[in-house]
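Proteins get letters first, then strands, A, B, ... in listed order; numbering begins at 1 in each.
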Amino acid sequence: MKTYFHVDMDAFFVSVEEIFDPSLKGKPVVVGGAPDQRGVVSAASYAARKFGVHSAMPLRTARRLCPQAIFLEGHPSRYRDYSRRVFDILTSFAPAVEMASIDEAYLDLTGTTRLHGHPLAAAHRLHDLVRRGTGLNCSIGISRSRMVAKVASDQAKPNGILWIAPGLEARFLAPLDVRKLPGVGKVTEQRLFAAGIRTVRQLAAADEAYLAQSFGKWGMALAGKARGEDAGGWYDAEVGEGGGPKSISHEHTFSQDTADSERLEAMLARLSEMVARRLRDHALFARTVQLKLRYADFSTYTRAVTLDHATQLDTEIRDAIRNLFRRNWRRGAAVRLLGVHASSFSDSAGQASLLDGDGALRWSKALTAVDRIRDKFGADSISLASGLSARFRERVHENPAGLPGKDPQDGRSS
DNA sequence: TCTGGGGTCCTAGGACCC
DNA sequence: TCTGGGGTCCTAGGACCC
């Protein structure tokens with residue numbers, strides 16, 4: 001018999017902000033940026049939620065619903081720091097821990113009854129450990145099924161613990177709206193509604209052949225789960241089985257749409273550098289590089305290319321992206337968003353690089369030096385020339401460090 | 001209401017191979 | 001000369017999650 005915990009931090013970003021500024025406590029707080037910016041709500045305090053504000057909502061909408069809210073840009077490094085603290089506490093408590101995102105984790109407590117006692121007692125002690133170690137509240141769902149544990153933690157919010165006794169999974173889920181099932185979003189919910197299915201109970205009773213045909217893999221798996229059966233799928237993987245990242249990407253939405261090709265290409269170069277840097281940090285090489293292009297009307301296109309060798313070099317990613325951009329951008333059309341995405345990872349370049357071995361080695365060394373400088377002096381302290389917007393170039397050309405050398409492919413100094 | 005940024009997984013069609 | 005079946009790789013798009 002399996003025992004899983006799903007630990008979910010309550011209003012995580014907002015709660016971390018409250019630690020650094022206790023005067024925020026109890027007030028409507030919105031993390032995501034200034035309310036006149038392009039952007040959406042990353043997190044809202046419970047006081048803000050009372051006004052209808054929720055995550056993923058445009059900031060402008062949040063302001064309309066709750067003009068008195070305090071809007072914060074947020075501090076991603078603080079959130080990562082606190083996420084790590086939570087993770088350390090969880091790993092001190094359970095043999096297998098998997099962070100599913102920055103603010104939630106699955107724990108496998110199977111076979112720990114002698115050590116921890118009844119799951120509910122264990123959950124209360126874990127809750128106290130997290131509270132004392134970080135100052136943050138969490139909610140915990142407990143079940144023999146990972147998916148049910150996740151739904152349970154959601155039902156337990158805020159600051160609660162909910163144990164679903166083995167055998168009672170289907171009874172617990174039955175009265176819930178189908179939207180409560182992870183994997184059922186807006187679209188699937190609407191399609192289920194159209195078929196007369198609103199609750200998990202109705203989903204459990206629905207014709208399996210129909211679900212398989214209309215909703216594919218997910219539909220069938222969910223129908224099984226709705227009946228409390230153990231169907232296949234992601235939720236049956238062992239806790240902690242998840243490997244490294246499968247893709248790395250960066251994207252940017254301009255504060256105002258632009259058709260300035262120099263600005264656009266400068267942004268693509270910068271995004272390429274950010275992606276390459278993270279590849280090097282993870283010691284990964286990517287073979288597939290993808291451009292994302294969103295126009296002013298929100299129409300969005302992706303264009304990918306698979307290279308004949310895997311790379312982690314700024315120049316190779318940037319050049320591939322630039323080619324994709326030049327071939328696909330409707331010249332003159334205003335762009336809202338640009339993105340650079342890398343995937344198909346391996347742990348080495350594989351087949352011979354386009355650069356000769358010596359050139360690739362020199363570049364690798366130069367880039368590592370750049371990475372170190374950025375660590376010390378900040379991300380903007382040094383950049384490939386084409387990664388800078390024109391107005392910053394002057395300054396960098398005076399860069400006394402003078403690193404690194406020459407780009408062997410196009411001779412541009414960096 | 002005017003829509004971020006970082007991810008994962010699934011589907012579907014075409015190329016290509018045996 | 002009217003057209004199989006399976007497998008893999010690649011690309012594009014989309015649903016969904018936090």
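- When the C1' atom of dC18(C) is taken as reference, atom CZ of R49(A) falls 12 Å away, rounded to whole Å.
- Residue E104(A) is classed as a sugar-phosphate contact, given heavy-atom separations below 4.0 Å to backbone atoms only.
- A residue-by-residue look at T61(A) and K217(A) shows that T61(A) has its nearest nucleotide of DNA chain B further toward the 5' end.
- Atom name C1', nucleotides dG4(B) and dC16(C): the rounded distance is 16 Å, in whole Å.
- Residue R336(A) places at least one side-chain N or O closer than 4.0 Å to OP1 or OP2 of dG4(B).
- For A304(A), taking side-chain heavy atoms from C-beta onward, the closest of the listed nucleotides dA12(C), dG4(B), dG7(B) is dA12(C).
- Contact annotation: S249(A) does not reach the phosphate of dG6(B) (side-chain N/O to OP1 or OP2, under 4.0 Å).
- In this entry the distance linking CD of Q37(A) with P of dT3(B) reads 11 Å, nearest Å.
- Side-chain contact check for Q312(A) and H282(A): no donor-acceptor pair (N or O, by modelled atom type) lies under 3.5 Å.
- The side chain of T306(A) approaches dT11(C) more closely than any other nucleotide in the set dT11(C), dG7(B), dT3(B).
- Closest-nucleotide positions on DNA chain B for S247(A) and A296(A) were compared, and the one nearer the 5' end corresponds to A296(A).
- Across all strands shown, L59(A) has no heavy atoms under 4.0 Å from either base or sugar-phosphate atoms.
- For R303(A) and dT11(C), the shortest distance from a side-chain N or O to OP1 or OP2 is not below 4.0 Å.
- Q37(A) places no side-chain N or O within donor-acceptor distance of the main-chain N or O of G33(A), the cut-off being under 3.5 Å.
- Comparing dC18(C), dG5(B), dT3(B) against the side chain of E251(A) picks out dG5(B) as the nearest.
- For the OP1/OP2 pair of dT3(B) and a distance below 4.0 Å, the side-chain nitrogens and oxygens of R60(A) include at least one atom meeting the criterion.
- R294(A) comes within 4.0 angstrom of sugar-phosphate atoms only, judged by non-hydrogen atoms across all strands, and of no base.
- Distances shorter than 4.0 Å separate some side-chain N or O of T253(A) from OP1 or OP2 on dG5(B).
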Going through the checks in order, is the salt bridge (Lys or Arg N to Asp or Glu O under 4.0 Å) test met by R131(A) and D128(A)? CA-CA 5 Å; R131(A) 172 76 218 186; D128(A) 286 351; over 6 Å; no
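- With dC16(C), dG5(B), dC2(B) as the choices, the nucleotide that has an atom nearest any side-chain atom of T188(A) turns out to be dC16(C).
- Distance CZ (R277(A)) to C1' (dG6(B)): 18 Å, rounded to an integer number of Å.
- The side chain of V40(A) has dT3(B) as its nearest neighbour among dT3(B), dG6(B), dC18(C).
- Using a 4.0 Å heavy-atom criterion, one finds that V187(A) contacts the sugar-phosphate atoms exclusively.
- Remark: P of dG7(B) and NE2 of H341(A) are 8 Å apart, rounded to the nearest angstrom.
- A side-chain donor-acceptor contact under 3.5 Å links H250(A) and R278(A).
- Nucleic acid contact for K292(A): none, since no nucleic acid atom lies under 4.0 Å from a heavy atom of the residue.
- With rounding to whole Å, K246(A) atom NZ is found 11 Å from dG7(B) atom C1'.
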Using the salt bridge (Lys or Arg N to Asp or Glu O under 4.0 Å) rule, take D88(A) and R84(A) through it: C-alpha gap first, then chi angles, then the decisive distance, then the call. CA-CA 6 Å; D88(A) 289 342; R84(A) 210 166 300 125; over 6 Å; no
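- Here dC16(B) sits opposite dG7(C) as a Watson-Crick or G-U wobble pair (both hydrogen-bonding atom distances under 3.5 Å).
- Judged by distance alone, the side chain of T61(A) and the main-chain N or O of M57(A) form no donor-acceptor pair under 3.5 Å.
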Tell me, with the steps shown, if E104(A) and K150(A) meet salt bridge (Lys or Arg N to Asp or Glu O under 4.0 Å). CA-CA 9 Å; E104(A) 58 173 323; K150(A) 180 170 170 61; 3.1 Å; yes
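- Residue Y79(A) contributes atom OH, which lies 18 Å from atom P of dC18(C) at whole-angstrom precision.
- Residue Y301(A) contributes atom OH, which lies 8 Å from atom P of dG13(C) at whole-angstrom precision.
- The side chain of T302(A) approaches dA12(C) more closely than any other nucleotide in the set dT8(B), dA12(C), dG5(B).
- Heavy atoms of V41(A) sit nowhere under 4.0 angstrom from any nucleic acid atom.
- Using a 4.0 Å cut-off between a side-chain N of Lys or Arg and a carboxylate O of Asp or Glu, E265(A) and R318(A) do not qualify as a salt bridge.
- Note on I102(A): nothing from the nucleic acid sits closer than 4.0 angstrom, heavy atoms only.
- Whole-Å rounding puts the L181(A) CG to dC16(C) P distance at 12 Å.
- Listed pair H250(A) / dG5(B) fails the phosphate criterion, with no side-chain N or O lying under 4.0 Å from OP1 or OP2.
- When each of dG5(B), dC17(C), dG7(B) is scored by its nearest atom to the side-chain atoms of R278(A), the top-ranked nucleotide is dG7(B).
- Among the atoms of the strands shown, none is found under 4.0 Å from any heavy atom of R191(A).
- For the pair W218(A) and dC10(B), the ring geometry does not qualify as stacking, because the centroid separation below 5.5 Å and plane angle under 30° are not jointly satisfied.
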